[in-house]
2 protein chains.
Amino acid sequence: IKTKLSSKHVGLNLFFTHLFIYFALGSRYVSKTATKTVSEFEYDAPSMKTAVPGPKSQELLRQLGEIQNVGAIHFFCNYEESRGNYLVDVDGNRMLDVYTQISSIPIGYNHPALIKVMTNPNNVSAFVNRPALGILPPENFPEKLFESLLSIAPSGMNRVQTMACGSCSNENAFKSMFIWYRNKERGYASPSEQEVGTCMINQSPGCPDLSILSFMGAFHGRTMGCLATTHSKAIHKLDIPSFDWPIAPFPKLQYPLEEFVRENAQEEARCLEEVEDLIVKWRQKRKPVAGIVIEPIQAEGGDNHASPDFFIKLRNIARKHGCAFHVDEVQTGGGTTGKFWAHEHWGLDDPADIVSFSKKLLTGGYYHRDELQPDKPYRIFNTWMGDPSKNLFLSEVLNVIRRENLLEEVTRSGKALLQGLYSLQTQYPHILSRARGQGTFCAIDACSDATRDSIMLKARNKGLFMGSCGEKTIRFRPALVFKEYHVHQLLNILNDILAEHK
Amino acid sequence: IKTKLSSKHVGLNLFFTHLFIYFALGSRYVSKTATKTVSEFEYDAPSMKTAVPGPKSQELLRQLGEIQNVGAIHFFCNYEESRGNYLVDVDGNRMLDVYTQISSIPIGYNHPALIKVMTNPNNVSAFVNRPALGILPPENFPEKLFESLLSIAPSGMNRVQTMACGSCSNENAFKSMFIWYRNKERGYASPSEQEVGTCMINQSPGCPDLSILSFMGAFHGRTMGCLATTHSKAIHKLDIPSFDWPIAPFPKLQYPLEEFVRENAQEEARCLEEVEDLIVKWRQKRKPVAGIVIEPIQAEGGDNHASPDFFIKLRNIARKHGCAFHVDEVQTGGGTTGKFWAHEHWGLDDPADIVSFSKKLLTGGYYHRDELQPDKPYRIFNTWMGDPSKNLFLSEVLNVIRRENLLEEVTRSGKALLQGLYSLQTQYPHILSRARGQGTFCAIDACSDATRDSIMLKARNKGLFMGSCGEKTIRFRPALVFKEYHVHQLLNILNDILAEHK
């Protein structure tokens with residue numbers, strides 16, 4: 001393996017030569033010198049051989065089409081050859097990847113630290129013997145939880161439950177809130193015989209008519225409990241039965257936030273008022289709100305931000321009405337906003353009752369306050385309850401984040417990225433607007449979905465792979481190893497496309 | 001790693017010496033000679049050092065208790081030292097494991113073939129770069145699907161969707177059935193504007209009032225869609241909101257099945273009649289049944305069997321009423337009944353519309369007939385859509401099953417196990433009854449839950465680790481490498497306990 005990786009090293013000399021050619025082109029966006037410590041295992045720039053998807057990808061698409069709906073597939077990848085911020089496809093095209101497998105690759109492709117985890121003989125057993133963690137955990141499980149997940153626990157939370165993915169993390173977080181709410185309602189007494197009997201046939205009071213309040217534009221996953229709180233796109237929800245749960249408006253803010261403080265505060269106040277109205281209304285409908293679930297930044301729904309003040313007030317409304325407060329950090333967690341958790345930007349000691357995660361943390365799961373722990377075993381349970389081999393990778397990711405000060409890097413790269421997006425929207429106001437972001441968790445809107453899609457396809461063919469969200473938004477979700485150098489590469493490509501678009 | 005494993009080899013000489021001592025005790029249940037080809041990497045017998053849980057497990061339990069509810073934990077494991085059918089705990093106790101991580105370890109602990117997968121440099125990338133399979137699959141993904149999952153596809157099914165676990169497999173199978181049903185209802189036309197609009201706020205017609213028919217005693221998982229079809233234990237369902245979906249009785253048969261053919265046929269006819277009544281009733285309630293979901297053997301609910309004739313008729317009822325037929329093989333799949341899929345015992349060319357799996361297949365997912373494929377991308381979707389590293393292990397598991405004729409072994413061991421259970425219940429009729437099984441997927445009832453639990457704890461302290469299900473059932477879920485030799489070891493331990501229990 002070592003030899004294989006070494007043969008791909010990009011020497012510093014080669015890098016600077018290339019950089020020189022790059023800047024010599026003159027017409028590029030970059031004005032200041034882009035300095036970069038070249039990571040020894042990374043490539044220096046995109047390199048395109050064919051249009052994307054190329055002929056090999058198209059042939060594989062045909063093969064896979066015999067087994068699955070392949071309509072969402074962009075292209076097939078050569079993950080062995082991918083490095084750091086660069087994703088290589090099967091036709092030999094190398095792209096700067098700022099979508100990172102739907103925001104789930106924390107420190108780039110084939111990071112040497114993660115390869116070491118794989119090749120450490122002490123770790124073999126964790127991969128080949130997947131345990132049922134809820135009944136037979138491995139010896140090092142408490143230690144591994146302390147050194148990984150608990151070392152980054154949100155303020156006020158000492159308990160964590162691992163799960164397999166984002167959806168089952170949120171589903172089980174919802175279940176914890178329902179169990180907590182009902183225990184409170186019955187004064188922590190044992191359930192009645194009627195409750196025990198009716199729950200077996202899906203009827204109340206055993207299966208009570210409780211609800212979760214969510215927000216328009218939210219995305220919390222696609223299993224049926226989560227899906228009832230997801231309201232980002234119709235294609236996710238059409239034809240699937242759901243629950244009659246309250247849906248509040250999420251603030252529609254104007255950007256940049258600093259320039260519209262008063263207007264945005266009014267909009268946020270309107271939404272908070274609606275939240276309280278809905279809680280009262282659903283209590284009257286006898287479907288009381290057991291919990292409120294919200295993303296710190298609505299991602300899939302279009303990168304919609306709200307102010308710390310909004311979240312602080314919402315958290316207080318939850319407390320006032322006896323609802324649990326669940327912050328879904330599946331996409332925002334893991335350092336991409338410049339803090340490990342996006343909710344840290346609110347500055348609260350007691351930010352939530354439950355915080356769920358997945359994606360960049362490689363394992364799913366959720367933290368919770370003590371009260372949210374289920375009172376009995378087997379209430380929150382499944383066969384695997386996560387996967388210890390993912391915890392091993394997470395431990396190493398956290399080491400790399402600390403060692404390489406990646407949160408500072410994210411903050412620095414994020415500033416450069418947002419500044420660049422501001423410049424682009426000033427330069428191309430008829431195409432771009434509403435640049436926004438926190439850390440490298442940035443986004444910009446195109447004038448229409450067709451323009452957005454066209455920009456994205458052109459960028460892909462020039463070696464920049466981006467994601468979309470909302471109706472006409474481009475979202476940037478680079479890995480934490482995305483440096484200022486990469487920012488300028490990205491802006492240059494975008495600038496070229498926009499100049500042609502004029 | 002190789003050295004580590006080698007040092008644990010159990011020599012043939014040592015094995016036969018031990019076997020001799022074993023049989024020399026005379027009072028043992030075993031009457032015929034137990035022959036065994038000693039797998040070079042396996043231990044020969046249980047070996048107990050402390051009561052279980054021992055002091056180390058208790059200390060770890062205390063530590064983990066600060067983070068999680070640990071009420072379901074039996075003990076902590078030393079997976080490095082576990083081999084084949086033997087699970088070693090942190091206190092050095094070595095137990096014959098016939099529960100295998102809730103039936104999810106296919107070919108025993110630390111199988112050399114699986115260790116090779118880990119240490120093959122070509123596989124490293126699949127572990128460290130987890131892709132978003134729905135948008136950016138790796139180059140070898142179609143090939144790996146063909147050589148693993150499609151090589152064992154149920155009759156009539158050429159399509160497969162991988163998922164992360166059993167629950168999300170079933171959730172997405174349900175969603176596929178809803179989508180299929182609604183497409184049929186609207187004649188495959190585009191959804192109306194009203195449907196698109198209402199689905200965003202959880203209202204019909206966009207989120208239609210469709211249902212899934214399930215059976216009393218069923219277990220299909222714990223996320224909220226699955227949980228609405230799970231009816232095995234109150235602790236799984238209490239306090240969680242649910243759907244008003246029809247629940248049919250599952251046949252309560254008398255065992256051995258061959259001796260009660262007429263009575264059992266009557267009972268099955270009664271249940272099938274009820275199924276048809278419920279389909280009609282729910283259609284009248286305007287919550288039509290889009291699909292029927294059933295396990296070939298109800299596992300968690302108490303190892304309840306039904307005849308091939310029952311399933312054949314049920315499949316016809318589904319077809320007659322235009323409902324999809326979903327066979328949940330999460331626990332029964334993977335070879336444990338002596339065939340790779342339990343539904344193969346029904347002898348149908350067209351056994352189902354959807355077959356879901358997880359556990360022993362290491363990856364979750366479901367097969368489906370062509371018509372059940374979603375018409376558009378992103379309808380069945382999530383970030384990871386499975387995990388290619390699990391497919392690598394599955395490929396190798398299938399190789400081992402074929403090379404070592406494990407399905408034949410399971411049939412042979414299963415016969416010995418069931419015969420042994422019959423003998424035990426004849427010998428101890430006041431304690432045991434209703435021995436039943438297919439392959440090694442066997443079970444027996446105790447006279448009460450207290451007696452069942454007491455037998456299980458005593459067995460654990462003698463080095464036999466079993467699982468429970470239903471109200472007072474012991475379930476046997478050994479790995480596919482469970483040989484006749486191990487059957488006799490199991491029966492000897494059980495016999496000792498029952499003799500003392502007298």
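Reminder, nothing fancy here: chain letters follow the sequence lines and each chain counts from 1. Please read all numbers here as calculations on a predicted model, not as lab measurements.
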Treating [X] as the side-chain partner and [Y] as the backbone partner, does any N or O pair qualify as donor plus acceptor under 3.5 Å?
X	Y	answer
B:Asp239	A:Arg182	no
A:Lys237	B:Thr198	no
B:Gln63	A:Pro142	no
B:Glu195	A:Leu238	no
A:His74	B:Ile135	no
A:Glu139	B:Cys77	no
A:Arg222	B:Ile380	no
B:Asn129	A:Tyr109	no

Heavy-atom contact with chain A under 4.5 Å, split by part of [X]:
X	answer
B:Glu66	both
B:Tyr378	both
B:Ile240	both
B:Asn202	both
B:Ser167	neither
B:Ile201	both
B:Met177	neither

Non-hydrogen atoms of [X] and [Y] that approach each other most closely:
X	Y	value
A:Tyr79	B:Ser125	CB-OG, 3.3 Å
B:Arg159	A:Gln68	NH1-N, 3.5 Å
B:Asn69	A:Pro374	ND2-O, 3.1 Å
A:Met224	B:Glu171	N-OE1, 2.7 Å

Applying side-chain contact (heavy atoms from CB on, under 4.5 Å), run through B:Phe243 and A:Cys207 and close with a yes or a no.
-> CA-CA 9 Å; B:Phe243 292 104; A:Cys207 293; over 6 Å; no
Is there side-chain contact between A:Val128 and B:Met118, with at least one heavy-atom pair below 4.5 Å?
->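 Yes, their side chains come closer than 4.5 Å.
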Is there a side-chain contact between B:Thr383 and A:Val330, using heavy atoms and a 4.5 Å cut-off?
-> no
Stepwise side-chain contact (heavy atoms from CB on, under 4.5 Å) test for B:Leu136 and A:Ile102 = CA-CA 10 Å; B:Leu136 296 165; A:Ile102 319 183; over 6 Å; no
Of the backbone (N, CA, C, O) and the side chain (C-beta and beyond), which part of A:Asp387 lies under 4.5 Å from a heavy atom of chain B, both, or neither?
->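 Contact with chain B is through the side chain of A:Asp387 alone.
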Relative to chain B, which segment of A:Lys233 carries a heavy atom at a distance below 4.5 Å: side chain, backbone, both, or neither?
->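 Looking at A:Lys233, just its backbone touches chain B.
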Could you tell me which of [options] has the largest number of non-hydrogen atom pairs under 4.5 Å with chain B?
options	value
A:Ser389, A:Gly225, A:Gly206	A:Gly206
A:Pro131, A:Ala164, A:Gly71	A:Pro131
A:Ser204, A:Pro191, A:Ala132, A:Gly197	A:Ala132

Parallel, tilted or perpendicular: which describes the rings of B:Phe127 and A:Phe127, with under 30° parallel and over 60° perpendicular?
-> perpendicular
Nearest-0.5 Å distance that lies between atom CE in A:Met200 and atom CD1 in B:Ile247 | 9.0 Å
What's the spacing between A:Lys376 NZ and B:Ile235 CD1 if we round to 0.5 Å?
-> 5.5 Å
Please determine which of B:Val160, B:Asn158, B:Leu149 meets the side-chain contact (heavy atoms from CB on, under 4.5 Å) test together with A:Ile67.
->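 Between A:Ile67 and the candidates, side-chain contact (heavy atoms from CB on, under 4.5 Å) is satisfied uniquely by B:Val160.
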